[in-house]
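The chains referred to below are lettered A, B, ... by the order of the sequence lines, with proteins before strands, and numbering in each begins at 1.
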There are 2 protein chains.
Amino acid sequence: MVVDDEPSIRDLLSASLRFSGFEVLTAADGEEAVEVAVRTSPDLVVLDVMLPDLDGFEVARRIDAPVLFLTAREATEDKITGLRVGDDYVTKPFSLEEVQARIRAVLRRTRGESAPASRLKVADLELDEDAREVWRGGRQVRLSPTEFKLLHYFMVNAGRVLSKAQILDHVWNYDFGGDAGVVESYVSYLRRKVDDVEPRLIHTLRSVGYVLREPPPG
Amino acid sequence: MVVDDEPSIRDLLSASLRFSGFEVLTAADGEEAVEVAVRTSPDLVVLDVMLPDLDGFEVARRIDAPVLFLTAREATEDKITGLRVGDDYVTKPFSLEEVQARIRAVLRRTRGESAPASRLKVADLELDEDAREVWRGGRQVRLSPTEFKLLHYFMVNAGRVLSKAQILDHVWNYDFGGDAGVVESYVSYLRRKVDDVEPRLIHTLRSVGYVLREPPPG
DNA sequence: GTGAGCCTTCAGCTAACCCTCAGGCTGCTG
DNA sequence: CAGCAGCCTGAGGGTTAGCTGAAGGCTCAC
């Protein structure tokens with residue numbers, strides 16, 4: 001369930017989550033959020049802290065589901081004290097990668113023991129979401145936050161061609177004003193750090209995009 | 001079992017304990033507490049001294065389980081005279097680390113001989129919960145109370161990445177109003193005292209958090 | 001009262017990180 | 001084969017997160 005009074009944010013999130021296979025309900029204010037949450041018992045609520053009527057923390061108190069808070073970065077980061085165990089928060093402006101990663105982490109935690117090992121693997125490239133570790137051919141690699149998010153996006157979509165615009169929309173904050181040149185830079189960084197051995201996994205499709213894929217056998 | 005008339009405290013504790021693997025029942029007043037305790041025979045009761053109906057000590061007298069009392073700091077310590085052998089108390093506002101540590105200590109005592117050695121170990125770093133002692137590479141290290149709680153939290157969650165917000169929520173009192181800067185200070189203190197030799201165990205993940213972990217072989 | 005240890009804040013510094021840009025390379029296409 | 005658009009990557013500047021030394025206030029024991 002997604003709760004935010006700005007339609008653009010609401011749509012951005014709900015579309016992105018639906019595309020990833022989630023069933024999504026939305027609400028535009030606190031009253032509606034509580035009403036819908038009580039009626040439908042969502043697995044998780046993405047909740048803006050600043051709502052026109054109720055405070056986000058107040059809403060959280062009234063519903064019985066883990067919450068991922070959305071909060072402005074300016075709103076002194078430390079004021080996030082309403083967090084119950086299992087909750088988490090993301091600061092605006094966020095990237096979709098960020099939000100989805102947090103959502104999956106919260107769900108994994110609340111679902112308890114049935115937590116699947118959060119490990120992605122393509123050929124001899126491995127990524128552990130929890131530990132934030134990346135391995136190529138058995139050797140650990142250190143990545144910066146953006147590099148990590150980008151590689152994660154590639155690995156979740158392994159075998160699928162991703163345009164630079166798509167990458168920008170998912171990995172960078174939604175208010176990013178620059179051009180797609182950054183993507184090229186970061187792909188370059190990634191190649192140097194995790195794709196400097198055979199077989200090459202990150203491939204360029206000129207004027208189309210990039211794809212991370214294991215070369216066919218033979 | 002958790003007994004407190006304030007829902008926020010009740011939820012905070014029960015969520016935290018459930019997350020740690022305990023089965024938790026709750027009660028909001030003395031009558032309910034006695035009723036539930038008699039019916040279910042909990043292993044331990046976390047019990048607020050100030051309840052709307054019965055006095056906490058009165059409740060304790062009527063149930064047959066060790067008790068961890070919650071009491072206001074103002075309530076001059078001599079008021080805690082109702083303690084039976086095996087009981088213990090924590091003053092409000094508490095930290096979750098504090099409460100969990102006391103709970104485990106009480107359970108260990110009441111369970112008798114089957115008491116597991118309360119000793120945590122990561123690489124050549126060791127921490128004894130009972131003795132409140134810490135060793136690094138065979139040499140004992142003196143830690144302040146907060147340093148000890150922080151290190152304990154790190155060691156219980158060895159290998160897991162902890163955000164500063166998470167650390168603040170668990171190690172500091174729930175009413176702490178300051179910002180996450182303290183965490184940085186204390187990590188710095190800990191590093192100086194217990195992580196000044198190779199291999200380094202406390203690692204910073206920029207803009208994500210910290211993790212205590214043994215470096216991988218090789 | 002006094003001092004020691006402890007907790008917290010703060011500010012200066014450093015290193016890491018993010019982004020831009022430009023020059024050069026690649027591989028299409030005419 | 002020439003030209004061009006797209007892509008790669010090294011260099012550099014601005015920014016930020018985190019580290020740590022210093023200082024103030026607090027509590028508690030003596």
**Prompt:** Closer than 4.0 Å, any side-chain N/O of Trp172(B) to the OP1 or OP2 of dC7(C)?
**Reply:** no
**Spacing between Ile202(B) atom CD1 and dT20(D) atom P, to the nearest angstrom** = 11 Å
**Message:** Both Val182(B) and Arg206(B) contact DNA chain C. Taking the nearest nucleotide for each, which residue is further toward the 5' end?
**Reply:** Val182(B)
**Asked** Is there a donor-acceptor pair under 3.5 Å between the side chain of Asp5(B) and the backbone N or O of Leu51(B)?
**Response** no
**Asked** For the pair made of CD1 in Ile167(A) and P in dC19(C), what is the distance, rounded to whole Å?
**Response** 14 Å
**Prompt:** Expressed in angstrom and rounded to an integer, what is the separation of Arg191(A) atom CZ from dC7(D) atom P?
**Reply:** 11 Å
**Message:** So, OP1 or OP2 of dC8(D): does either fall under 4.0 Å of a side-chain N or O from Arg192(A)?
**Reply:** no
**Asked** Between Asn173(A) (CG) and dT15(D) (P), how many Å, whole number?
**Response** 17 Å
**Asked** More 5' along DNA chain D: Tyr189(A) or Tyr186(B), using each one's nearest nucleotide?
**Response** Tyr189(A)
**Message:** Quick check on dG18(D): is either OP1 or OP2 less than 4.0 Å from any side-chain nitrogen or oxygen of Ser207(B)?
**Reply:** no
**NZ/NE/NH1/NH2 to OD/OE distance under 4.0 Å, Lys92(B) and Asp48(B)** = yes
**Request:** Indicate, with a heavy-atom threshold strictly under 4.0 Å, whether Gly178(A) touches base, sugar-phosphate, or nothing.
**Result:** sugar-phosphate
**Complete:** Asp195(B) atom CG is separated from dG18(D) atom P, nearest whole Å, by 17 Å
**Request:** Considering just the side-chain nitrogens and oxygens of Ser188(A), establish if one lies under 4.0 Å of OP1 or OP2 belonging to dC8(D).
**Result:** no
**Prompt:** What's the CG-C1' distance between Asp175(B) and dC7(C), to the nearest Å?
**Reply:** 14 Å
**Prompt:** How far does CG of Asn157(B) sit from OH of Tyr210(B), to the nearest 0.5 angstrom?
**Reply:** 16.0 Å
**Message:** Between Arg191(A) and Asp196(A), does any NZ, NE, NH1 or NH2 come within less than 4.0 Å of an OD or OE carboxylate oxygen?
**Reply:** no
**Request:** Would you kindly give the CG-to-C1' distance between Asp179(B) and dC19(D), to the nearest whole Å?
**Result:** 15 Å
**Prompt:** Taking atom C1' of dA16(C) as reference, at what distance in whole Å does atom NE2 of His203(B) sit?
**Reply:** 17 Å
**Message:** Taking the nucleotide of DNA chain D with the nearest heavy atom to each, does Leu205(A) or Glu184(B) sit closer to the 5' end?
**Reply:** Leu205(A)
**Request:** Indicate the ring-plane relationship of Tyr189(A) and Tyr186(A), choosing parallel, tilted or perpendicular according to the 30° and 60° boundaries.
**Result:** perpendicular
**Prompt:** Can a salt bridge be assigned to the pair Glu147(B) and Lys193(B) using a cut-off of 4.0 Å between side-chain N and carboxylate O?
**Reply:** yes
**Residues in contact with DNA chain C, drawn from residues 139-164 of chain A - heavy-atom cutoff 4.0 Å** = Arg142(A), Ser144(A), Pro145(A), Thr146(A)
**Request:** Run through Arg119(B), Arg136(B), Arg139(B) and flag the one making a salt bridge (charged side-chain N to carboxylate O under 4.0 Å, His left out) with Glu126(B).
**Result:** Arg119(B)
